Amino acid sequence: MKIRLRTIFQEKLNGHYSNCRIRVKIKMFSLLVLKLDSIWIGAICNKEKLVRISLSFKKESLFADLRISKDKERYSSSLLERLRDDLIDYWHLKKINFDNYPLKLSDYSYFAKSVWKNTQRIPYGEVRSYKWIAHKVNTRGYRAVGRVLSLNPFPIIIPCHRVIRNDGGLGGFSAGIEIKKRLLKIEKN
DNA sequence: AACTGTCGCGAAG
DNA sequence: CTTCGCGACAGTT
């Protein structure tokens with residue numbers, strides 16, 4: 001449970017604090033943590049949408065990446081249960097379609113959202129280049145595409161691992177190139 | 001102002 | 001023919 005103090009009003013009347021109103025906004029997050037082979041996957045969601053996913057070889061870095069502290073309480077969530085099942089199936093080589101997960105994208109720029117949307121159009125098992133994505137969003141800012149993909153809050157669901165260099169090189173991956181290789185290997189079967 | 005997961009060209013081996 | 005270095009590119013934080 002994440003508690004954010006929104007506003008604290010203190011009204012000074014007649015020389016002393018006589019009316020103190022406190023409004024607290026409580027945000028509830030559900031947390032999923034699972035390990036598939038050597039890779040840890042963490043995901044958080046709010047009441048209706050996924051908020052962030054993180055991949056790592058080290059469990060500890062999940063929580064920093066998700067921007068939560070690790071000993072928060074966990075609440076069950078049907079969304080995360082579905083995600084957990086899908087991820088396990090995906091890991092066992094099933095061609096899972098992650099397209100219809102509700103994602104919280106409201107905080108991101110139009111450009112970022114269009115890059116991610118086009119990334120989601122790359123079919124399972126196929127790859128496209130950063131340049132290809134750039135064409136789709138009408139820019140020659142290839143590096144800008146890379147920058148936005150590096151900020152991808154939903155790895156696997158937004159399959160940025162399917163985006164590689166135009167010359168066939170792998171490019172990069174924010175969670176580490178080994179994880180990118182691993183995901184591509186899973187999809188090659 | 002600095003950063004990024006790029007691209008493509010020219011020069012060198 | 002392959003590899004390397006470098007400058008241009010564009011959008012974000």
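Proteins get letters first, then strands, A, B, ... in listed order; numbering begins at 1 in each. What you see is a predicted model; the values in this text were computed from it and never measured.
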Quiz item: For the residue pair A:Tyr108 and A:Trp116, is the inter-centroid distance of their aromatic rings smaller than 6.0 Å?
Solution: yes

Practice problem: Scan every strand shown for a Watson-Crick or G-U wobble partner of C:dT13, both distances under 3.5 Å, and answer none if you come up empty. | Solution: B:dA1

Self-check item: Atom-to-atom span, OH of A:Tyr142 to P of C:dT12 - whole angstrom
Solution: 17 Å

Quiz item: 5'-most contact on DNA chain C: A:Tyr108 or A:Thr139, nearest heavy atom basis?
Solution: A:Thr139

Exercise. Check every strand shown and say whether A:Val145 touches a base, only sugar-phosphate, or nothing at a heavy-atom separation below 4.0 Å.
Key: nothing

Quiz item: Is the distance from OP1 or OP2 of B:dG8 to the nearest side-chain N or O of A:Asn166 less than 4.0 Å?
Solution: yes

Practice problem: Starting at atom CD1 of A:Ile133, determine the distance to atom C1' of B:dT4, rounded to an integer number of angstrom. | Solution: 15 Å

Practice problem: With the side chain of A:Arg165 defined as its heavy atoms from C-beta on, choose the nearest nucleotide among C:dG11, B:dT6, B:dG5. | Solution: B:dT6

Exercise. Would you kindly compare A:Cys160 and A:Lys131 by the position of their nearest DNA chain B nucleotide and give the one closer to the 5′ end?
Key: A:Cys160

Quiz item: Would you call A:Thr119 and A:Phe154 a side-chain contact if the rule is heavy atoms closer than 4.5 Å?
Solution: no

Practice problem: Identify whether the distance between the nearest side-chain nitrogen and carboxylate oxygen of A:Arg182 and A:Asp37 falls below 4.0 Å. | Solution: yes

Quiz item: NA contact type, A:Ser150, heavy-atom cut-off 4.0 Å: base, sugar-phosphate, or nothing?
Solution: base

Quiz item: When we call it a touch if two heavy atoms are under 4.0 Å apart, what does A:Ser109 touch: a base, just sugar-phosphate, or nothing?
Solution: sugar-phosphate

Quiz item: What's the CD1-C1' distance between A:Ile177 and B:dG5, to the nearest Å?
Solution: 8 Å

Exercise. Report which part of the nucleic acid A:Gly172 touches: base, sugar-phosphate, or nothing (heavy-atom distance under 4.0 Å, all strands).
Key: base

Practice problem: Find the distance A:Phe173:CZ to B:dT4:P and express it as a whole number of Å. | Solution: 17 Å

Self-check item: d(NZ, A:Lys180; C1', B:dT4) in whole Å
Solution: 13 Å

Practice problem: Could you check whether A:Arg140 gets within reach of a base, just the sugar-phosphate, or nothing at all, counting any heavy atom under 4.0 Å? | Solution: sugar-phosphate

Quiz item: Starting at NZ of A:Lys113 and ending at C1' of C:dT12, how long is that distance when rounded to a whole Å?
Solution: 14 Å

Quiz prompt | Salt-bridge contact A:Glu178-A:Lys180 (side-chain N to carboxylate O under 4.0 Å) | solution = no

Quiz item: Considering every strand shown, what is the Watson-Crick or G-U wobble mate of C:dC4 when both distances are under 3.5 Å?
Solution: B:dG10

Quiz item: Touch check for A:Phe111, heavy atoms < 4.0 angstrom, all strands: base, sugar-phosphate only, or nothing?
Solution: sugar-phosphate

Quiz item: In whole angstrom, what separates A:Leu149's CG from C:dT12's P?
Solution: 13 Å

Quiz item: Between atom CZ in A:Arg143 and atom P in B:dC3, what is the gap in whole Å?
Solution: 11 Å

Quiz item: Should A:Tyr142 and A:Leu151 be regarded as members of a common hydrophobic cluster, given that ILVMFWY residues are connected when their side-chain heavy atoms come within less than 4.5 Å of each other, either directly or indirectly?
Solution: no

